[in-house]
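One structure is given below, encoded as structure tokens.
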There are 2 protein chains.
Amino acid sequence: MTDPKSLFAALFEPQRIALIGASGDERKTTSRPQRFLRKHGFTGEILPVNPARGEILGEKAWRDLDSIPGEIDHAYILLNGRDAIAALAACGKRGVKVASILAGGFADAGAAGASLQDDLSRIVAETGIRLVGPNSIGTVSTDPPMALTANAAFAVDRLRSGRWAVVSQSGSLIGALLSRADARGIGFSRLISVGNEVDLAVGEIAGLLVDDPHTDAILLFMETLRDADRLAQAARRAHAAGKPVIAYKLGRSDIGQELAKSHTGAIAGSDATFDAFCRRNGIARVSMFESLIDVPALLVNRPPIDHSGALGKRVAVATTTGGGAAMVVDSMAMAGLEISDPPQALVDWLKPLGIAAGEGKLVDLTLAGAKPEIVAGTIERLLADDANDAVIFVVGSSAQFNPELAVEPLLRFAKTGKPFAVALTPSAEKSLQMLTAAGVPAFRHPESCAEAMAVCLLRTPPGPLPEFIVPSRAALDALAAGCASGFDERRAADLFGALGVPMAKALVVPDARRIAAAVTEIGGPVALKILSADIAHKTEAGGVALGLADGQTAAVAAREIEKRVKAHAPNAKLEGFLVQKMERGLAEVILGFRRDPLVGPTITVGLGGVLAEIYKDAATRLAPVDAAEAEAMIGEVKGLATIRGYRNMPPGDVAALARTIAAFSQLAHEKFAAVAEAEINPLLVKSAGDGVVAVDGLVILKNPRRI
Amino acid sequence: MTDPKSLFAALFEPQRIALIGASGDERKTTSRPQRFLRKHGFTGEILPVNPARGEILGEKAWRDLDSIPGEIDHAYILLNGRDAIAALAACGKRGVKVASILAGGFADAGAAGASLQDDLSRIVAETGIRLVGPNSIGTVSTDPPMALTANAAFAVDRLRSGRWAVVSQSGSLIGALLSRADARGIGFSRLISVGNEVDLAVGEIAGLLVDDPHTDAILLFMETLRDADRLAQAARRAHAAGKPVIAYKLGRSDIGQELAKSHTGAIAGSDATFDAFCRRNGIARVSMFESLIDVPALLVNRPPIDHSGALGKRVAVATTTGGGAAMVVDSMAMAGLEISDPPQALVDWLKPLGIAAGEGKLVDLTLAGAKPEIVAGTIERLLADDANDAVIFVVGSSAQFNPELAVEPLLRFAKTGKPFAVALTPSAEKSLQMLTAAGVPAFRHPESCAEAMAVCLLRTPPGPLPEFIVPSRAALDALAAGCASGFDERRAADLFGALGVPMAKALVVPDARRIAAAVTEIGGPVALKILSADIAHKTEAGGVALGLADGQTAAVAAREIEKRVKAHAPNAKLEGFLVQKMERGLAEVILGFRRDPLVGPTITVGLGGVLAEIYKDAATRLAPVDAAEAEAMIGEVKGLATIRGYRNMPPGDVAALARTIAAFSQLAHEKFAAVAEAEINPLLVKSAGDGVVAVDGLVILKNPRRI
């Protein structure tokens with residue numbers, strides 16, 4: 001079933017639900033879906049299936065699926081292993097619209113489980129049934145209520161409804177989010193545990209939620225990413241619909257990635273790559289778990305800002321507690337935000353009240369005794385000021401002792417055009433709840449307030465869809481040549497050159513005798529490199545000589561190279577020499593092209609040389625990129641400050657570098673699918689106006705020619 | 001009064017308290033100290049002083065201080081400006097042991113206020129009275145109770161007692177800490193707001209608390225640092241007494257520093273320097289506000305670990321929620337901790353229970369249904385394992401629904417030799433409180449759990465006290481010469497050489513004619529530099545020529561230099577040329593010596609060159625350092641990986657570099673107090689065994705010779 005509307009209805013608003021393997025024993029997990037459906041007021045039909053029982057928890061039980069008359073919207077399979085597979089097959093045959101499987105023990109449990117999971121995939125493909133899981137702890141809607149879940153967290157007495165939806169690859173963290181949000185007075189519209197995502201995955205479900213009139217924001221808890229294209233599409237549609245998509249993803253650290261892998265049986269991409277994916281598609285990524293519930297209030301109904309320069313990240317701060325506000329400011333500055341000075345209109349207004357607001361960046365109202373009309377008047381004037389992009393008010397102990405008084409003047413700012421948030425310095429649950437209920441984003445911790453404001457202001461709208469350029473004949477020929485005989489440096493250079501990467505002037509000579517003539521043609525000094533698709537590391541094989549001034553020197557060097565290489569790799573097929581003009585630049589750049597297993601083609605720009613490797617100083621984007629995005633990447637590489645006009649250093653040709661990055665990134669075109677990885681190292685950046693030139697390059701094919 | 005015992009008693013356990021300027025109007029802040037003292041059960045004598053009233057809030061009021069008979073332990077001055085100054089003078093005259101001043105408007109309020117504050121300092125110096133503040137919101141003890149404070153946060157009905165003390169430079173954040181701790185079931189022994197610290201400052205008060213039998217941990221909220229030496233001493237004594245000192249300090253960001261400065265009227269040191277101070281003295285610095293109350297439980301009665309290699313930072317993690325534990329692990333790895341594999345004994349024990357613990361780093365007990373005996377048995381076996389340094393248990397939704405069941409097996413691990421902590425995935429206040437009450441460190445957020453564990457495991461004991469070496473005659477002579485005639489490069493080289501820094505071989509020649517002979521003596525190639533104490537930037541003045549192969553070339557270059565320099569700086573006094581051997585190394589290092597306004601002499605080691613500046617890659621310590629600490633610094637500079645044995649690069653002479661850093665850091669000796677700053681840039685590091693050599697250096701005097 002692929003019609004999104006009926007899929008959505010079967011998933012989140014089913015009328016008839018079968019519970020296959022339901023139990024009447026309340027101690028058993030398999031009794032929970034039925035109990036929770038009833039407890040939270042499901043008004044549709046519940047159809048427990050259990051061959052051993054005539055009745056379960058007061059409802060008629062059915063012997064098997066086939067004995068149930070009429071359509072079944074959603075079947076929750078509560079059986080394990082082979083029994084679950086058989087039940088899914090029965091559901092498929094019976095025309096059940098959506099099935100969910102509770103049991104784990106599939107791809108999450110090693111090779112044996114993976115083979116069981118293949119059986120599920122086959123049934124889905126053959127019958128067209130849509131599947132949630134396996135390893136799905138359930139799907140929940142709150143309005144109208146439908147708690148189809150085995151998650152103990154839904155034993156709560158009251159299921160709070162709300163307008164944010166949760167899609168989670170971890171079942172247990174749905175419970176954590178539910179309880180944390182509830183403690184803050186926040187409810188959700190839908191909560192779904194997607195499990196191993198054999199069929200329905202995060203992206204497709206997010207896509208359904210974009211069209212859900214009950215949902216204003218989509219919250220993702222992710223351990224991996226299995227349907228990047230669909231999620232990208234959903235995020236773009238969500239942006240167009242004014243619904244923020246907010247993601248927390250495990251695996252920021254190497255150990256965390258390792259763990260996500262062993263925990264889910266999924267492959268892990270690199271964290272920088274997932275960041276690039278979020279950025280390209282306008283997904284707001286958060287780094288603290290609680291931010292998933294802290295951040296949406298600031299983002300709903302507020303599109304991301306298009307940034308230029310410092311614009312878009314200036315926050316004005318007013319407070320009744322200097323120390324508390326200083327913590328918020330410190331945390332925001334660490335998160336990359338700027339603090340704006342109070343506007344003159346506010347300074348003038350506060351002066352007669354004895355408050356000197358112009359002396360620092362903070363507007364400290366402590367001396368004014370935090371009178372409500374002064375607090376409100378201050379916030380109004382800050383919101384009206386064009387010199388900031390957001391406003392934060394930091395409340396001190398009054399929030400604890402006089403919540404009504406402290407919070408009252410803030411409630412009217414629930415629907416401001418500009419982001420407005422409140423940070424509470426003491427523990428002040430009542431104030432927090434009043435603010436949340438009124439729709440004013442409010443924060444417990446200076447650090448979480450800073451993260452939320454940074455996400456709100458620094459997130460970017462989805463970037464333009466990648467523009468693929470039809471590959472030239474020359475580029476396709478170069479690819480074909482490399483695929484046929486292996487990619488040596490010259491063939492890589494042919495391909496890169498055909499893509500539009502300026503390559504160092506070079507000639508191929510078949511043997512040492514013709515070197516001198518080539519040097520004369522190119523002009524010394526030159527570099528000499530052995531050519532052989534069989535030798536991956538030329539330098540280590542003794543196959544390179546640099547800085548050869550003239551033809552005679554080069555000819556001597558060539559014979560020495562030949563001798564060394566033959567000793568090093570007696571069986572390698574030598575195809576001659578590359579005579580290349582020696583080049584110099586202001587900076588060395590490394591360009592990398594890779595196909596990430598999760599998000600697809602990526603391009604990375606970094607500073608060349610060993611220090612860049614040590615500092616891990618690079619910018620990554622989904623490929624291809626255009627020149628404008630490439631220039632943004634250059635701006636992110638700290639070490640490239642040297643060519644962006646640093647102190648009195650001569651600026652490099654940033655424009656040419658950006659064009660070259662864009663050209664190289666076209667390897668993402670499907671015609672180049674044979675290329676698994678490619679690298680230019682180094683690409684030399686010359687003075688502004690003098691361009692760039694690539695000196696060495698490498699292509700790795702998906703299915704390399706065996707040597 | 002400087003006897004610590006009686007000072008402590010007057011401050012925290014006074015019997016007779018005068019309230020100067022007390023008010024009977026409950027709406028007024030000045031009525032609070034009297035109300036709060038009574039409310040929280042102060043059993044001593046309260047002596048309100050107010051010339052206009054015979055009785056205040058039911059106590060006899062006194063016309064003035066002199067009319068009160070007998071000794072007064074502590075006077076809280078609730079008057080403003082000049083009245084407060086007069087009251088302090090009266091206290092001093094009257095022999096009051098300690099006075100506190102509530103009012104701000106002193107150094108915290110610009111130049112006019114600073115002059116008022118000078119009056120306070122004078123009275124303290126003249127009368128010997130000890131002063132807390134001005135701008136102190138009060139001093140509180142809980143057992144026996146003594147709430148001498150105007151802080152609205154003490155309007156709470158019950159003041160919880162505890163065994164941690166708070167010393168804060170921000171008054172309002174005492175309230176925030178009080179309420180946040182109380183919500184967690186945590187109380188304090190003492191809380192003191194130190195205000196502008198005219199007399200009693202954080203360090204001296206921390207020193208008193210080291211000897212307080214009611215205090216097990218000392219928590220500092222800092223905006224600046226006014227008595228570094230005393231705090232250092234207190235922290236070392238606290239370490240010896242087994243009491244952790246934990247500090248949160250504003251000013252991690254530049255904006256935050258700016259703010260702390262404008263907020264307190266204090267100068268701000270650099271954040272790296274404060275870090276160095278904490279490290280040297282064994283102070284645990286936290287970066288999240290709530291960590292001030294989250295961290296102590298893990299540190300009390302547990303001395304910091306001496307680290308070597310990976311030892312000391314390996315955490316074992318067991319859980320009943322895979323996803324929740326993965327968040328904790330990810331956060332810990334980001335904080336620099338390692339995760340250890342489960343021990344074989346545990347794997348073997350769990351196997352018959354159907355739990356495969358050996359397959360990942362996490363011990364996931366979810367499948368075991370989290371039975372108490374399995375949870376406890378697992379933790380026992382992890383704690384007994386030598387392959388980890390700490391254990392964390394992450395609890396899922398059972399903590400929310402069955403606190404007793406979930407928490408019960410954890411309570412017995414309150415007093416483990418090894419750090420043990422619990423992280424709660426859902427919102428589970430009851431579990432949190434039960435764990436806290438039992439003394440088991442418990443955390444709400446994966447991020448705060450990770451910060452606390454990182455602080456616990458990665459903090460270091462106080463470093464050895466700096467060892468000063470008696471300066472040599474030669475060094476003092478070089479200093480005297482530089483002070484007399486100004487520090488040109490040669491005189492700086494003389495000083496550094498005398499300290500033990502290997503300097504590049506060089507000769508001074510008075511004029512261009514003698515250059516050739518000098519080159520012959522030194523051996524080419526050489527560098528030629530103009531010598532003049534009047535020229536700070538030799539290169540920009542055209543005063544440098546590099547790589548001169550022989551005497552003749554050098555002589556020509558010298559005449560050109562002379563011409564250029566005379567054109568550039570016609571009035572500069574030229575003192576000849578420095579002919580210096582050209583040196584090469586594997587890496588360029590920059591050494592900086594500075595006197596920080598807060599913590600005193602510091603030494604910084606970084607990679608030389610423009611990239612190091614861009615990456616801000618440097619290590620800072622209090623000076624002097626010995627060779628062992630210098631080697632630890634080298635290990636912290638990422639870019640110096642190239643000389644520590646990186647890939648197949650030749651290792652540099654790290655030992656010689658460490659010796660040289662140590663030698664240079666001896667500029668911290670008081671005999672060199674005239675030196676404000678010094679720099680060696682570059683210091684070239686040669687291959688292992690070949691030493692280091694400094695090529696250029698700079699000395700800046702505190703009171704430089706005017707040109």
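Note that the coordinates shown come from a computational prediction; the quantities given were computed from them, not determined experimentally. Lettering follows sequence order; numbering is per chain, from 1.
For Phe289(A), the parts sitting under 4.5 Å from any heavy atom of chain B are the backbone and the side chain alike. Neither the backbone nor the side chain of Leu640(A) comes within contact range of chain B; no heavy atom of the residue lies under 4.5 Å from a heavy atom of that chain. Of the two parts of Leu177(A), neither the backbone nor the side chain holds a non-hydrogen atom closer than 4.5 Å to a non-hydrogen atom of chain B. Contact annotation for Met332(A): neither backbone nor side-chain heavy atoms come within less than 4.5 Å of a heavy atom of chain B. Heavy-atom distances place the backbone of Ser287(A), and not its side chain, under 4.5 Å from chain B. Using a 4.5 Å cut-off between heavy atoms, Leu173(A) touches chain B through its side chain atoms alone. The part of Ser397(B) that comes within reach of chain A is its side chain, from C-beta onward, which places non-hydrogen atoms under 4.5 angstrom from that chain.
Chain B forms more heavy-atom pairs under 4.5 Å with one residue of Met649(A), Met334(A), Met327(A) than with any other, namely Met327(A). Interface check for chain B: of the options Asp617(A), Asp254(A), Val329(A), the most heavy-atom pairs under 4.5 Å are formed by Asp617(A). Of the listed residues Ala399(B), Ala333(B), Gly110(B), Ala325(B), the one with more heavy-atom pairs under 4.5 angstrom with chain A than any other is Ala333(B). Chain A forms the most heavy-atom pairs under 4.5 Å with one residue out of Ala641(B), Gly396(B), Gly175(B), Ala155(B), and that residue is Ala155(B). Comparing Ala183(B), Ala176(B), Ser253(B) by heavy-atom pairs within less than 4.5 Å of chain A, the highest count is held by Ser253(B).
Side-chain atoms of Ser179(A) and Ser427(B) include no donor-acceptor pair closer than 3.5 Å. Using modelled atom types and a 3.5 Å distance limit, the side chains of Ser331(B) and Glu447(B) yield no donor-acceptor pair.
Leu362(B) pairs in a side-chain contact (heavy atoms from CB on, under 4.5 Å) with only one of the listed residues (Val317(B), Val328(B), Val394(B), Asp341(B)), which is Val317(B).
Listed by chain and number, the residues in a ring-ring contact (aromatic ring centres under 6.0 Å, His included) with Tyr615(A) are Tyr615(B) (sequence neighbours excluded). By the side-chain contact (heavy atoms from CB on, under 4.5 Å) test, Ser448(B) is found to be paired with Met288(B), Asp294(B), Phe443(B), His445(B), residues two or more places apart in sequence or in another chain being considered.
Phe36(B) approaches Thr149(B) most closely through the heavy-atom pair CD1-O, 3.4 Å.
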Start with the C-alpha distance between Arg444(A) and Glu429(A), add both sets of side-chain angles, then the distance that settles salt bridge (charged side-chain N to carboxylate O under 4.0 Å, His left out), and finish with yes or no.
CA-CA 9 Å; Arg444(A) 267 197 187 112; Glu429(A) 293 304 303; 2.9 Å; yes
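Ion pairing between Glu223(A) and Lys249(A) fails under the 4.0 Å rule for side-chain N and carboxylate O.
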